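To start, the structure under review is shown below, and the notes come after it.
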Amino acid sequence: NELATPSVLVWSRLVITGGDHHRLHEEITISGGELKHFGYSRIPQIGRLQGLLDKAVAIEPNADLLEILTERFEKQEDSIRAAINARSKDRLRFLENTLVRRRDSEIADLMNILSELERNVRNELKVDALPKQMALPGFDSEERNQIRKDIEALRLRLERIPEEKKLEKAAIEKRYAGLTDRTFPVAVVFLVPDSHMGEVIS
């Protein structure tokens, strides 16, 4: 659809955070709507906003035009901010499944790493894998004690792995919990149809 009334486009920095305000995603969003004499009407279709922008031609506004557009913007600022926040909520809903998949992938990767560590430690502790040199006459008591300490350290490490799995899984889940969107407007563009130039200025 062609532009029928002066409108405004707002680019914003969207930051999605999880638990402990951990930043999970960041992008630039666009929102906008019709800036009427007595109200603001959001244009929710991003494709339409982009289409209007693609057809626009940059001009240097005169003082009268800029004053009128600025006045309308200030009067409708609350509605414009509400539209910006609505766009952020739309993006958050869209990204939720993506973030859930990323969370599950991180958990799976970590579990695989710790399971591999667990297998390696168990192999180290197998009787047939233990140093048979301990029984040889050339080993003194200090060397035997060191080997025993090493074996005990491996056993303790093995015992900690199940708890470590729980703690690491909980940490990742917390990081992705309580998704919150934060929006920071960074740029504004006014669009004025040719047919309204004289009307807006008058």
Side-chain angles (χ1 to χ4, degrees), residues 9-32 42 44-47 49-50 80-188:
L9 303 182
V10 182
W11 284 264
S12 303
R13 176 172 164 254
L14 170 64
V15 178
I16 295 176
T17 58
D20 295 330
H21 306 294
H22 185 87
R23 185 169 61 185
L24 301 173
H25 179 80
E26 183 173 338
E27 67 179 53
I28 297 296
T29 62
I30 183 173
S31 61
R42 182 192 177 205
Q45 303 89 354
I46 301 306
L49 292 176
Q50 190 60 52
I80 293 169
R81 285 189 177 276
I84 293 170
N85 291 331
R87 172 65 180 146
S88 295
K89 298 295 183 188
D90 289 345
R91 286 298 294 155
L92 176 57
R93 282 191 291 272
F94 179 81
L95 289 165
E96 277 179 346
N97 287 337
T98 300
L99 293 173
V100 166
R101 288 194 296 272
R102 189 197 299 173
R103 177 202 66 194
D104 292 346
S105 176
E106 286 187 21
I107 290 174
D109 289 345
L110 185 62
M111 293 303 106
N112 287 337
I113 290 171
L114 290 176
S115 293
E116 180 66 22
L117 173 63
E118 187 173 19
R119 284 191 293 271
N120 291 338
V121 173
R122 288 187 186 280
N123 287 337
E124 288 288 330
L125 288 173
K126 283 182 179 177
V127 175
D128 58 354
L130 294 180
K132 296 182 172 59
Q133 299 95 320
M134 283 183 64
L136 297 178
F139 268 68
D140 58 31
S141 59
E142 185 176 339
E143 289 173 316
R144 290 192 182 94
N145 286 337
Q146 184 58 52
I147 291 174
R148 289 191 185 95
K149 287 179 182 178
D150 292 342
I151 293 172
E152 182 61 23
L154 285 172
R155 288 195 179 111
L156 291 174
R157 184 69 185 93
L158 184 63
E159 290 174 3
R160 289 198 303 270
I161 290 176
E163 182 65 18
E164 191 173 345
K165 284 183 176 181
K166 291 180 183 177
L167 292 175
E168 293 293 346
K169 182 174 182 288
I172 293 174
E173 288 174 339
K174 180 180 180 182
R175 192 158 67 242
Y176 282 87
L179 298 179
T180 303
D181 59 285
R182 291 178 170 79
T183 309
F184 310 92
V186 294
V188 174

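Residues take their numbers from the sequence shown, with the count starting at 1. Keep in mind the model is a prediction, meaning the values are calculated, not measured.
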State, with a plain yes or no, whether a side-chain heavy atom of [X] is found less than 4.5 Å away from one of [Y].
X: E124; Y: D150; value: no
X: D181; Y: R91; value: no
X: T183; Y: R87; value: no

Could you tell me whether [X] and [Y] make a salt bridge, using a distance below 4.0 angstrom between a side-chain N and a carboxylate O?
X: R160; Y: E163; result: no
X: E173; Y: K169; result: yes
X: R182; Y: E26; result: no
X: E118; Y: R122; result: yes
X: R101; Y: D104; result: no

I84 and V10: which non-hydrogen atoms are nearest, and at how many Å?
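Scanning both residues completely, I find the closest heavy atoms to be CD1-CG1, 3.6 Å.
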What closest approach, in Å, do E96 and L179 show between heavy atoms, and which atom pair accounts for it?
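Closest pair (atom of E96, atom of L179, distance): CG-CD1, 3.9 Å.
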Please check if atom [atom1] in [X] has more than 12 non-hydrogen atoms from other residues, nucleotides or ligands closer than 6.0 Å.
X: F94; atom1: CZ; answer: no
X: N112; atom1: CG; answer: yes
X: R102; atom1: CZ; answer: yes

Under the rule for side chain to side chain donor-acceptor pair (under 3.5 Å), what residues qualify as partners of S115, not counting sequence neighbours?
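For S115, the residues satisfying side chain to side chain donor-acceptor pair (under 3.5 Å) (neighbours in sequence not counted) are K165.
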Got a second to check how far [X]'s [atom1] is from [Y]'s [atom2], nearest 0.5 Å?
X: T180; Y: L92; atom1: OG1; atom2: CG; value: 8.0 Å
X: L99; Y: R175; atom1: CG; atom2: CZ; value: 12.0 Å
X: I30; Y: L9; atom1: CD1; atom2: CG; value: 4.5 Å
X: I46; Y: S31; atom1: CD1; atom2: OG; value: 7.5 Å
X: L125; Y: N120; atom1: CG; atom2: CG; value: 11.0 Å
X: I151; Y: L156; atom1: CD1; atom2: CG; value: 12.0 Å

Please identify which of these residues, V15, I16, L95, meets the side chain to side chain contact (heavy atoms under 4.5 Å, CB included) condition with E27.
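Of V15, I16, L95, side chain to side chain contact (heavy atoms under 4.5 Å, CB included) with E27 is met by L95 alone.
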Please lay out, stage by stage, how R103 and E106 fare under the test salt bridge (Lys or Arg N to Asp or Glu O under 4.0 Å).
CA-CA 5 Å; R103 177 202 66 194; E106 286 187 21; over 6 Å; no
